[in-house]
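Numbered from 1 within each chain, the chains take letters A, B, ... in sequence-line order. These numbers come from the heavy atoms of this one structure, side chains and all, not from hydrogens, waters or symmetry mates.
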Amino acid sequence: MADERGEPRPERLRDRPVRLPDRPDRLTGSLLRWYRRAARTLPWRGSLDPYAIWVSEVMLQQTRVETVLRYYAPFLRAFPTVGALASAELPAVLARWSGLGYYARARAMHAAARTIASRGAFPDAFEELRELPGFGAYTAAAVAAIAFGRPEPAIDGNAVRVLARLCGLRERRPAAEKTLRELARPLVAAGPPSEVNQAVMELGSQVCTRTAPACLHCPWRIPCRARAFGLQGEIPASRPRLARRPLTWAAAVCLDGRGRLLFARRPPAGLFGGLWELPGGEVAQGIGTADMARDLSAALRRSLGAHLTIAEPMAEVTQRLTHRDLRVLAFAARGVPPRPRRLPPGGYLETCLAGRAAAIDLGLSSVTRKLLAVLPPPASMTQIC
DNA sequence: AATTCGGGGTT
DNA sequence: AACCCAGAATT
């Protein structure tokens, strides 16, 4: 129709092949000029220590820079080298991770540290890194590139947004990641891989933001396909929303004569795996506190081998997780002090007594910390022995 | 490809 | 309240 009359067909984004909109060396050049001027000073930037870089990359998984800044230095002070991390016990590592979330990261990092330490050398190639626990496609590429200068494209959430917009890619995650890894390969080959990768991510966090990107300050504003078509708001397509279901836990406040609380260790994997908590468990939705107290008593008999009388609830806290609305009610308990024996499957393997001051050295989730913070002072509570 | 893993800052 | 953040492992 329009073509037959010789008029140019209106160019549409989806008609275009998905490829880099300019030569890799020119894209990398303008990007690096911007990065060297605008990059934030961060503790792990410029580090030459693969271990320190690795720690930063793991902490930064699904976690904002501002949050990681509170954990990074203390963790490195506690575990300064791969050998130190490998020699540490997992509970001590989880204690340093307490509040950071996604605790499988700490478990995997600890396991990988033991492998690396026993091997004697830090793996320096993508394929070797990728085989270690906790090294997915992103982290293996990031460590290979940033610590060892390998030309591997590290595609995180920022890179997906930046590169998808640059190239006008309409695919959504996670499919887009595979496509973008290949599109980004020429870019990291055209400059220092460490800087190119970090520059792409920095651009995503400072300029090419999810909402209201600062296109006028972008070194790629001219070649950017999304900007050319006014599609910055459509690219990349957002993921389907997740349903958040309610989850209610009842926990027992068991106090000994010295004001110490009874803690129990959760199973090594799964939600809050390996962390300490006030012993208890899930209760059905919509039941009253009297029924909760009865269920909690039964659960503790199963999981702890303890016969405790559960009184009224004394505190309640909530925590919003990605896929759960968690609500924890704490019940005062009194009765026979728990005497861990041989426990049935699903029972707690370990318990400990700790005062609230000592509890800061335990691996606790944020919701458990919240709970300890709102508990009444020990003097007002019933003792169990 | 879809879920399950935390927690919190932004909008 | 929705969205998503320097993702990985499991199903």
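- Within the nucleic acid shown, A:S56 has no heavy atom closer than 4.0 Å to any nucleic acid atom.
- Ranked by how close their nearest DNA chain B nucleotide is to the 5' end, A:A175 and A:F272 are led by A:A175.
- Counting distance only, with no hydrogens placed and no angle test, the side-chain atoms of A:S366 and the base atoms of B:dG6 include no donor-acceptor pair under 3.5 Å.
- Across the protein-nucleic acid pair, A:L247 atom CG and B:dC5 atom C1' stand 13 Å apart, rounded to whole Å.
- Distances shown here put every side-chain N or O of A:Q61 at or beyond 4.0 Å from the OP1 or OP2 atom of B:dC5.
- Put simply, the side chain of A:V55 reaches to within 4.5 Å of the side chain of A:M59, judged on heavy atoms.
- Counting distance only, with no hydrogens placed and no angle test, the side-chain atoms of A:T63 and the base atoms of B:dG7 include no donor-acceptor pair under 3.5 Å.
- Annotation: proximity of residues 184-198 of chain A to DNA chain C (heavy atom, distance under 4.0 Å) is found for no residue.
- The shortest distance between the side-chain N/O atoms of A:R161 and the OP1/OP2 oxygens of C:dC5 is below 4.0 Å.
- Look at CZ on A:R130: it is 7 Å from P on C:dA8, rounded to the nearest Å.
- Checking the phosphate oxygens (OP1, OP2) of C:dA8, a side-chain nitrogen or oxygen of A:T139 falls inside 4.0 Å.
- Between A:R210 and A:R245, the residue anchored closer to the 5' end of DNA chain B is A:R245, taking for each the nucleotide with the nearest heavy atom.
- To the nearest angstrom, C1' of B:dC5 lies 14 Å from CD of A:Q319.
- Residues A:Y71 and A:W97 place their aromatic rings such that the two centres sit no closer than 6.0 Å.
- Across all strands shown, A:L42 has heavy atoms under 4.0 Å from base atoms, whether or not it also approaches the sugar-phosphate.
- Of the residues in residues 98-117 of chain A, A:G99, A:L100, A:G101, A:Y102, A:Y103 come within less than 4.0 Å of DNA chain B through at least one heavy atom, sorted by number.
- Taking the six-membered ring for Trp, A:W54 and A:F135 have ring centres closer than 6.0 Å.
- Members clustered with A:I53: A:I146, by chain and number, using a 4.5 Å side-chain heavy-atom cutoff among hydrophobic residues.
- With rounding to whole Å, A:D325 atom CG is found 16 Å from B:dT4 atom C1'.
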